[in-house]
Amino acid sequence: MLDLKYLRENLEDVKRRLATRGGVADLSRLKGLDEKRRQIITEVEALKNRRNTVSQEIGRLKKRGESADDLIKEMQEVSQRIKTLDGELEGCERELKEFLLTIPNIPHSSVPEGRDATENRVVRKWGEIRNFTFNPREHTEIGEALGILDFKRAGKIAGARFSLLRGVGALLERALINFMLELHTTRHGYTELLPPFIVNSESMIGTGQLPKFEEDLFKIEGWGHYLVPTAEVPVTNVHRDEILDESLLPLCYTAYTPCFRKEAGSYGKEVKGLIRQHQFNKVELVKFTTPETSYEELEKLTNDAETVLKELGIPYRVVILCTGDMGFSAAKTYDIEVWLPGQGRYVEISSCSNFEDFQARRANIRYRPKGGGKPRFVHTLNGSGLAIGRTVVAILENYQTENGEVVIPEALRQYMGGMERIVREGAGSVSMGQRQ
RNA sequence: GGAGAGGUGGCCGAGUGGUUGAAGGCAGCUGCCUGCUAAGCAGUUGUAGGGUAACCCCCUACCGAGGGUUCGAAUCCCUCCCUCUCCGCCA
């Protein structure tokens with residue numbers, strides 16, 4: 001949510017900068033609503049002042065046993081008028097608030113202007129793309145042949161866009177979660193959290209998923225709660241409605257959660273394999289910082305996510321999203337994309353953003369500056385560190401051997417009982433039985 | 001799911017209709033005093049919105065949330081949320 005005062009004073013500039021996101025936001029209603037609101041406030045507060053003064057006078061008169069009937073009669077009318085105006089004010093403020101909640105964040109000045117993903121810019125690349133002496137296979141083929149991925153049975157249990165991991169496949173997923181959490185807590189200074197996987201609507205509004213993007217979420221029928229689409233939601237809302245001490249900042253959290261997404265509107269896109277699922281695992285990084293340090297912290301956070309790929313030896317590139325491709329709440333976003341030889345393309349594995357005070361204003365997260373003074377909104381940041389399922393894909397495709405086995409990256413072996421490669425085992429695979 | 005208790009300022013804790021934004025205590029801040037420390041004395045200390053050039057000042061709102069009664073509500077009534085205790089159930 002943007003600051004109403006800032007909008008009032010910089011309306012034209014904000015319009016121009018939001019226009020670079022595409023899907024032109026119509027801010028024309030704003031001025032009228034804002035002026036109407038302040039006009040009602042002025043009137044109703046004057047009346048309340050009068051009521052407070054006179055009510056005290058009535059109390060004094062009654063104590064002395066004198067009549068206050070005239071004043072009471074007058075105040076009955078004043079109270080009626082106040083009630084009417086309060087009603088109008090509430091309507092006006094609700095309209096204003098609802099409107100403000102639908103306006104996206106203003107892109108940071110360092111974000112390149114552009115319409116869509118084709119105008120994102122590559123910032124840096126890391127790692128050598130492997131030269132295969134054979135035709136590299138996709139992860140689905142590798143995984144199913146090894147008996148560690150089973151999409152057929154996942155479809156039976158839950159439907160399309162779900163997966164079933166088996167044996168070493170499940171172990172690999174679990175090892176990656178442990179590896180990433182340990183890396184971020186012991187080497188990068190994050191505190192590990194294990195939050196609820198179900199949240200209320202206030203939390204979803206706080207981080208910006210609601211009210212605009214309800215169709216992307218799984219809502220629990222009859223309860224009004226939602227499955228988390230990312231750990232960003234519960235972890236950012238940890239400090240909702242709080243005033244933090246500046247000495248605590250930057251506050252850095254890492255959390256593993258499963259993520260649940262409807263993926264509405266992605267029909268036909270990446271229907272096969274682990275790339276796009278209704279449920280996937282992710283280790284998330286979240287920071288609360290002062291406004292002065294948030295961009296510095298964004299660079300660090302992105303580096304922390306990159307370290308995971310460096311440790312695993314998987315080639316990647318970092319791109320900065322252009323204005324037209326950024327998410328609703330972000331002021332600046334770097335995507336990290338891994339190289340997938342089986343598909344011959346880069347695929348997003350992490351998205352690291354600075355939201356500045358956009359989420360903090362929605363969720364009312366503030367800090368008390370050193371040496372006192374008025375509370376200020378913190379800046380919030382987050383990034384995947386990393387998406388686990390896509391990391392599995394990257395490992396299978398980058399570390400596959402010609403005979404269909406997969407070498408386990410060295411950094412990961414201590415989390416897999418010293419295992420060095422994934423091979424097909426008798427127990428690792430059970431062919432589909434006959435249907436009854 | 002059943003029965004009961006409770007939600008007040010940074011914290012503890014008074015307050016059942018009329019200068020109560022809220023006693024008292026703790027913590028914090030500012031003076032004074034005192035070899036140091038500790039103690040003592042006096043004062044001060046919330047958030048948001050509106051007015052305003054203004055973080056001075058004035059006004060309004062806020063005692064879990066939302067309604068209601070009243071000239072006037074932290075105080076009375078209704079609904080909801082949350083926490084705690086006991087019972088049941090349960091990983």
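Small disclaimer: the values here were computed from a predicted structure and weren't measured. FYI, side chains are in, hydrogens and waters are out, and symmetry mates aren't considered; it's all heavy atoms of this structure. Numbered from 1 within each chain, the chains take letters A, B, ... in sequence-line order.
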At under 4.0 Å between heavy atoms, what does [X] touch on the DNA or RNA strands: base, sugar-phosphate, or nothing?
X         : result
Arg366(A) : sugar-phosphate
Arg37(A)  : sugar-phosphate
Arg8(A)   : sugar-phosphate

Start with the C-alpha distance between Ser55(A) and Asn52(A), add both sets of side-chain angles, then the distance that settles side-chain hydrogen bond (donor to acceptor under 3.5 Å, both in side chains), and finish with yes or no.
CA-CA 5 Å; Ser55(A) 289; Asn52(A) 289 344; 5.8 Å; no
Can you check the [X] [atom1] to [N] [atom2] distance for me, whole Å?
X         : N      : atom1 : atom2 : answer
Leu89(A)  : C62(B) : CG    : P     : 13 Å
Glu202(A) : A65(B) : CD    : C1'   : 10 Å
Asn49(A)  : G51(B) : CG    : P     : 16 Å
Glu43(A)  : G49(B) : CD    : P     : 22 Å
Asp241(A) : G10(B) : CG    : P     : 13 Å
Lys5(A)   : A54(B) : NZ    : P     : 9 Å
His225(A) : C82(B) : NE2   : C1'   : 12 Å
Arg38(A)  : G49(B) : CZ    : C1'   : 12 Å

Lys374(A) side chain, from C-beta outward: closest of U60(B), A48(B), G50(B):
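Of U60(B), A48(B), G50(B), A48(B) is nearest to the side chain of Lys374(A).
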Could you label the plane-to-plane angle of the Trp223(A) and His225(A) rings as parallel, tilted or perpendicular, counting under 30° as parallel and over 60° as perpendicular?
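Plane angle under 30°, so parallel.
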Fit a plane to each ring of Tyr415(A) and Phe179(A), take the angle between them on a 0 to 90° scale, and name the class: parallel (under 30°), tilted (30 to 60°) or perpendicular (over 60°).
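It falls in the perpendicular class, over 60°.
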Would you please indicate yes or no on a ring centroid separation below 6.0 angstrom for [Y] and [X]?
X         : Y         : value
Phe328(A) : Phe358(A) : yes
His239(A) : Tyr367(A) : no
Tyr226(A) : Phe218(A) : no
His379(A) : Phe355(A) : no

Please measure how far the [atom1] atom in [N] lies from the corresponding atom in [M], and state the result in whole Å.
N      : M      : atom1 : value
G25(B) : A14(B) : P     : 15 Å
G72(B) : U79(B) : C1'   : 24 Å
U60(B) : A73(B) : P     : 13 Å
C62(B) : U75(B) : P     : 10 Å
U30(B) : G46(B) : P     : 15 Å
A74(B) : G67(B) : P     : 15 Å
C59(B) : U52(B) : C1'   : 12 Å
G64(B) : G9(B)  : P     : 8 Å

Arg60(A) and Glu57(A): salt bridge (Lys or Arg N to Asp or Glu O under 4.0 Å), yes or no, with the steps?
CA-CA 5 Å; Arg60(A) 276 193 290 273; Glu57(A) 178 62 19; 3.2 Å; yes
Return no unless some side-chain N or O of Lys36(A) is found under 4.0 Å from OP1 or OP2 of G50(B).
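Looking at the OP1 and OP2 atoms of G50(B), neither is under 4.0 Å from any side-chain N or O of Lys36(A).
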Contact check, side chains of Leu176(A) and Val283(A), non-hydrogen atoms, under 4.5 Å
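A side-chain contact is absent here, since even the closest heavy-atom pair is not under 4.5 Å.
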Between Glu246(A) and Arg368(A), is the side-chain contact (heavy atoms from CB on, under 4.5 Å) condition met? List the steps.
CA-CA 6 Å; Glu246(A) 181 172 351; Arg368(A) 175 89 55 194; over 6 Å; no
Residue mapping more 5' on RNA chain B - nearest nucleotide basis, Ile41(A) or Ala46(A):
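Its nucleotide being nearer the 5' end, the pick is Ile41(A).
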Would you mind telling me which residue lines up with the more 5' stretch of RNA chain B, Arg368(A) or Thr42(A), judged by nearest nucleotide?
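Nearest-nucleotide comparison on RNA chain B picks Arg368(A).
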Applying the Watson-Crick and G-U criteria (both distances under 3.5 angstrom) with [ ] for crossing and | for other-strand pairs, one obtains for RNA chain B ((((((((.[[[..)..(.....]]]((((((.......))))))((((((.....)))))).[[[[[..)....]]]]])))))))....
Ignoring hydrogens and angles, answer whether the base of G49(B) and the side-chain atoms of Glu45(A) contain a donor-acceptor pair closer than 3.5 Å.
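Yes, a donor-acceptor pair under 3.5 Å.
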Option among Lys36(A), Arg38(A), Lys31(A) that satisfies the side-chain hydrogen bond (donor to acceptor under 3.5 Å, both in side chains) test with Asp34(A):
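Filter result, single survivor: Arg38(A).
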Distances for protein N or O near nucleotides 71-74 of chain B N or O, under 3.5 Å:
unit_1	atom_1	unit_2	atom_2	d
C71(B)	OP1	Gln76(A)	NE2	2.8
C71(B)	O3'	Ser79(A)	OG	3.3
C71(B)	O2'	Ser55(A)	OG	3.2
G72(B)	OP1	Ser79(A)	OG	2.8
G72(B)	O4'	Ser55(A)	OG	3.2

